[in-house]
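Below: one structure, written as structure tokens.
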Amino acid sequence: MSNRLLTHLRHVDLAVPDYDKQLDFYAGVWGLTKVAEDSGISFLAAEGSPEQYVVRLRKADEKRLDLVSYGAGSPADVDTLARQLLSQGVQLISQPEKIDTPGGGYGFRFFDVDGRTIEVSADVEARQHRRIEEKEAIPVRLSHVVLNSPDLNKTREWYERHLGFRLSDTLGSPHMGEVMHFMRISNQHHSMAIAKGPHTSLHHVSFEMRGLDEYMRGSGRVMRAGFRKLWGPGRHLAGDNTFTYFLDPHGNTVEYTTELEELDEDTWHPHVYDFSEAEVTDQWGTANPMNELIVKESFNDVDRGVFVAPPV
């Protein structure tokens, strides 16, 4: 796609009131590695990923999604995107400049249509990473992020128009209409999805495991540690990926997944799946039934950190 300047999802940054508890969770049972920490901010990497970090935690009085970060192919692409967004009326938080987080790089930040902070960067130094071994049940990399939006199609259209995302598939039902759009910036079925919710918030963050065995072992470890399992284990139809969803200590939903579909972008045509059909939500039939409580938990708390910007 000619106007696609984004390459991949880099990291998701969370503000958390009980910083120590969250850090213990992500750097402990969840299987990430703390690579840097300074004054109530920690950076957590996935051992199989070249990204310097995939989660940043920041100690704060109020829980919120600080930002979602994407990669670009080059500093020139960063500059091009910044100029395009500015000319289209998108509010920039910062101009392209040197980044002082681990790995450095060159990037800028701006608000999306729902007021979330988005970062795009290039020339970030690759982290020395390694192959995850058989039966090693820790995340290989960050897989995708799902965002709640009160206006599903407005948000979808904004990401298509301004950032070059393309629609892969949609979930809906006869009585609820469309409820989720799966969006891509590569041949990976989705790097981001947009879910219909009552307010702007984080729906979930997903982490890729090495394979089915490691995915199950990791899911079992988190369950044995006493953290609440929301839904799973199972296998979705849209994306064909496995899923087990848990709540972190602050009620954010996090997912272990594997085998997310890679598609042929030249021939792919989006599907509309009826999520009221059991085989759509879980092909295997092994997960606990989807119900209103699971949906409500995925709405998360209202994100108080969003900026209310004029529509563009």
Sidechain-backbone polar pair: [X] side chain, [Y] backbone, donor-acceptor under 3.5 Å:
{"X": "D13", "Y": "L57", "value": "no"}
{"X": "S206", "Y": "H144", "value": "no"}
{"X": "Y159", "Y": "M192", "value": "no"}
{"X": "W231", "Y": "A287", "value": "no"}
{"X": "K229", "Y": "G232", "value": "yes"}
{"X": "E255", "Y": "T257", "value": "no"}
{"X": "S201", "Y": "F299", "value": "yes"}
{"X": "T33", "Y": "E47", "value": "no"}

Could you check whether [Y] and [X], counting side-chain N and O atoms only, form a donor-acceptor pair closer than 3.5 Å?
{"X": "N241", "Y": "H236", "answer": "no"}
{"X": "N252", "Y": "N300", "answer": "yes"}
{"X": "D303", "Y": "T200", "answer": "no"}
{"X": "H162", "Y": "Q88", "answer": "yes"}

Between F275 and Y273, is the ring-ring contact (aromatic ring centres under 6.0 Å, His included) condition met? List the steps. CA-CA 6 Å; F275 81 97; Y273 294 116; over 10 Å; no

To the closest 0.5 Å, what do you measure between [atom1] ([X]) and [atom2] ([Y])?
{"X": "R10", "Y": "R141", "atom1": "CZ", "atom2": "CZ", "result": "14.0 Å"}
{"X": "L44", "Y": "L32", "atom1": "CG", "atom2": "CG", "result": "5.5 Å"}
{"X": "E262", "Y": "S186", "atom1": "CD", "atom2": "OG", "result": "8.0 Å"}
{"X": "E208", "Y": "T242", "atom1": "CD", "atom2": "OG1", "result": "7.5 Å"}

Report the C-alpha separation of E265 and R184 in whole Å, then their side-chain angles, then the decisive distance to 0.1 Å, and conclude whether the salt bridge (charged side-chain N to carboxylate O under 4.0 Å, His left out) test is met. CA-CA 10 Å; E265 293 197 88; R184 69 182 188 274; 2.9 Å; yes

List the atom of L237, the atom of Q283, and the distance in Å for their closest heavy-atom pair. CA-NE2, 3.5 Å

So does K63 pair up with D301, basic N to acidic O under 4.0 Å? yes

Less than 4.5 Å apart, side chain to side chain, heavy atoms only: is that true for V205 and L142?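 Yes, close enough: below the 4.5 Å cut-off.
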
Name the residue from R210, R131, R130 that meets the salt bridge (Lys or Arg N to Asp or Glu O under 4.0 Å) definition with E136. R130

Taking F25 as the fixed residue, which of F227, F246, Y19 is the one that meets the ring-ring contact (aromatic ring centres under 6.0 Å, His included) rule?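 One option only clears the test, and that one is F227.
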
More than 12 heavy atoms from other groups under 6.0 Å of NZ on K59: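 Check fails, neighbour count at 12 or below.
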
For Y26 and W30, take the angle between the two ring planes, folded into 0 to 90°, and tell me which bin it lands in: parallel under 30, tilted 30 to 60, perpendicular over 60. perpendicular

With S69, which of R109, E51, H11, R56 fulfils side-chain hydrogen bond (donor to acceptor under 3.5 Å, both in side chains)?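 Between S69 and the candidates, side-chain hydrogen bond (donor to acceptor under 3.5 Å, both in side chains) is satisfied uniquely by H11.
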
Are F165 and Y70 an aromatic pair, judged by ring center distance below 6.0 Å?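 Ring-ring flag for Y70/F165: true, centres closer than 6.0 Å.
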
Would you check if the distance from the ring center of H189 to the ring center of F182 is below 6.0 Å? yes

